[in-house]
Amino acid sequence: MRVLLVEDDKMIGEAISQALHDAAYAVDWVQDGHVAMSAIKIHTYDIVLLDLGLPGRDGLEVLRLLRLAGKHLPVLIVTARDAVQDRIKGLDLGADDYLVKPFETGELLARMRAVFRRKGGNAMTVMTNGVLTLDPATHDATHAGMSYRLSAREYALLHTLLLRPGAILSRTELEERIYGWNEEVESNAVEFLIHAIRKKLGATIIKNVRGVGWMVAKHKS
Ligand code: CA
């Protein structure tokens, strides 16, 4: 999953980036409202974490323009402004949730998972294709009654495929979901991760469609 973090405070931005990275998210961090708007035009994000007090465009203005442009991606406002009026305004402008600083990163990650569940129209806390189960809270994978611990990147790749069982994703599509724009990606990084996942969970977990990409099969649960 790819996150756009819009935060002008360096210390907070670094702390949140690191926490998201550790939790297997690809993170693009911008510190200005104008840059945020350009990033949203160029890249596809799964969620925007939006500070309100920003240089360039104010966060509420970014949110307003984004919804005006018909962008439906989830927005979680993360700000020190705890005035009730700002909260109401943010939610009415189309924010999905609101978190007031200071907060524990654990709460931020839990709220993000809740936003993704609502977006998926699914109250289930785990993801599954009927054979393989993945828990976004613990990053544990379960297959044939066994539980497996995945690395952050392995989790990110499997999570991306499990969002759409049966859909074939290309190398570029997978890289976009797993790596942020400041990260070096080795040319065989995706193959390497898939090899590692197959070694843990079994070779049939991820199917390769030659010349097109990879998928997890859709099973009836
Ligand atoms: Ca700020």
Side-chain angles (χ1 to χ4, degrees), residues 1-4 19-27 43-49 72-74 76 96-97 105-180 183 185-221:
M1 293 226 159
R2 191 155 176 172
V3 181
L4 179 66
L20 291 171
H21 190 263
D22 292 346
Y25 290 102
V27 190
H43 297 283
T44 305
Y45 291 101
D46 297 290
I47 192 167
V48 180
L49 304 183
H72 296 299
L73 77 170
L76 203 162
D96 295 85
D97 201 357
T105 52
E107 182 178 0
L108 171 68
L109 297 172
R111 281 179 189 268
M112 288 170 67
R113 290 192 294 272
V115 167
F116 295 136
R117 280 200 300 279
R118 286 200 293 275
K119 187 191 167 209
N122 190 348
M124 290 279 289
T125 54
V126 296
M127 311 170 67
T128 184
N129 69 339
V131 167
L132 171 74
T133 303
L134 201 59
D135 186 337
T138 62
H139 291 188
D140 281 341
T142 311
H143 178 240
M146 295 278 283
S147 207
Y148 301 87
R149 176 48 59 95
L150 300 175
S151 76
R153 297 275 200 232
E154 290 162 12
Y155 168 80
L157 189 145
L158 205 51
H159 182 273
T160 303
L161 291 172
L162 265 180
L163 281 171
R164 289 162 64 210
I168 302 163
L169 296 182
S170 70
R171 176 200 317 280
T172 312
E173 286 168 326
L174 287 169
E175 285 174 355
E176 269 262 316
R177 299 341 291 159
I178 302 171
Y179 300 96
E183 293 180 271
V185 187
E186 301 275 340
S187 63
N188 59 351
V190 166
E191 279 91 345
F192 189 78
L193 285 172
I194 287 170
H195 177 74
I197 295 167
R198 282 174 168 162
K199 223 171 147 185
K200 287 182 185 171
L201 297 171
T204 56
I205 285 294
I206 298 172
K207 290 187 178 4
N208 176 231
V209 182
R210 200 169 289 274
V212 187
W214 295 268
M215 62 175 273
V216 293
K218 195 175 182 173
H219 299 274
K220 287 205 176 99
S221 44

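Note that this is a predicted model, so its numbers are computed, not measured.
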Strictly below 4.0 Å, N to O, side chains only: are [X] and [Y] in salt-bridge contact?
X    : Y    : value
D97  : R111 : yes
D140 : R149 : yes
E173 : R177 : no

Answer yes or no: is there a side-chain heavy-atom contact under 4.5 Å between [X] and [Y]?
X    : Y    : answer
D46  : F116 : yes
L157 : L150 : no
V131 : V216 : no
N129 : K218 : no
L201 : L132 : yes
M127 : L163 : yes
P165 : M215 : no
L76  : V48  : no

Point to revise | Side-chain donor or acceptor of N188 paired with backbone N/O of E191 under 3.5 Å | key: no
Check your understanding: Can you check whether E176's main-chain N or O pairs, donor with acceptor, with R2's side chain at less than 3.5 Å?
Key -> yes
[atom1]/[X] to [atom2]/[Y] distance, rounded to the nearest 0.5 angstrom?
X    : Y    : atom1 : atom2 : answer
Y155 : D135 : OH    : CG    : 7.5 Å
L73  : Y45  : CG    : OH    : 10.0 Å
I197 : S151 : CD1   : OG    : 7.5 Å
I206 : I194 : CD1   : CD1   : 5.0 Å
L162 : L134 : CG    : CG    : 5.5 Å
T128 : H143 : OG1   : NE2   : 10.0 Å

How far apart are the closest heavy atoms of [X] and [Y], and which atoms are they?
X    : Y    : result
V126 : P136 : CA-CD, 4.1 Å
A24  : A156 : O-CB, 3.4 Å
S170 : W214 : C-CZ3, 4.5 Å
G180 : A26  : N-CB, 3.6 Å

Point to revise | Worked check of side chain to side chain contact (heavy atoms under 4.5 Å, CB included) between L49 and L108 | key: CA-CA 10 Å; L49 304 183; L108 171 68; 4.1 Å; yes
Practice item. Keeping to residues at least two apart or across chains, list the side-chain hydrogen bond (donor to acceptor under 3.5 Å, both in side chains) pairs with something in residues 195-210. Key: E154-K200
Review point. Which is it for E183 and H21 under the side chain to side chain contact (heavy atoms under 4.5 Å, CB included) test, yes or no, and what are the steps along the way?
Key: CA-CA 11 Å; E183 293 180 271; H21 190 263; 3.3 Å; yes
Check your understanding: For Y25, which residues count as a ring pair (Phe, Tyr, Trp, His ring centres under 6.0 Å) partner, sequence neighbours excluded?
Key -> none
Check your understanding: Under the side chain to side chain contact (heavy atoms under 4.5 Å, CB included) criterion, do V190 and E175 qualify, and how do the steps go?
Key -> CA-CA 7 Å; V190 166; E175 285 174 355; 3.8 Å; yes
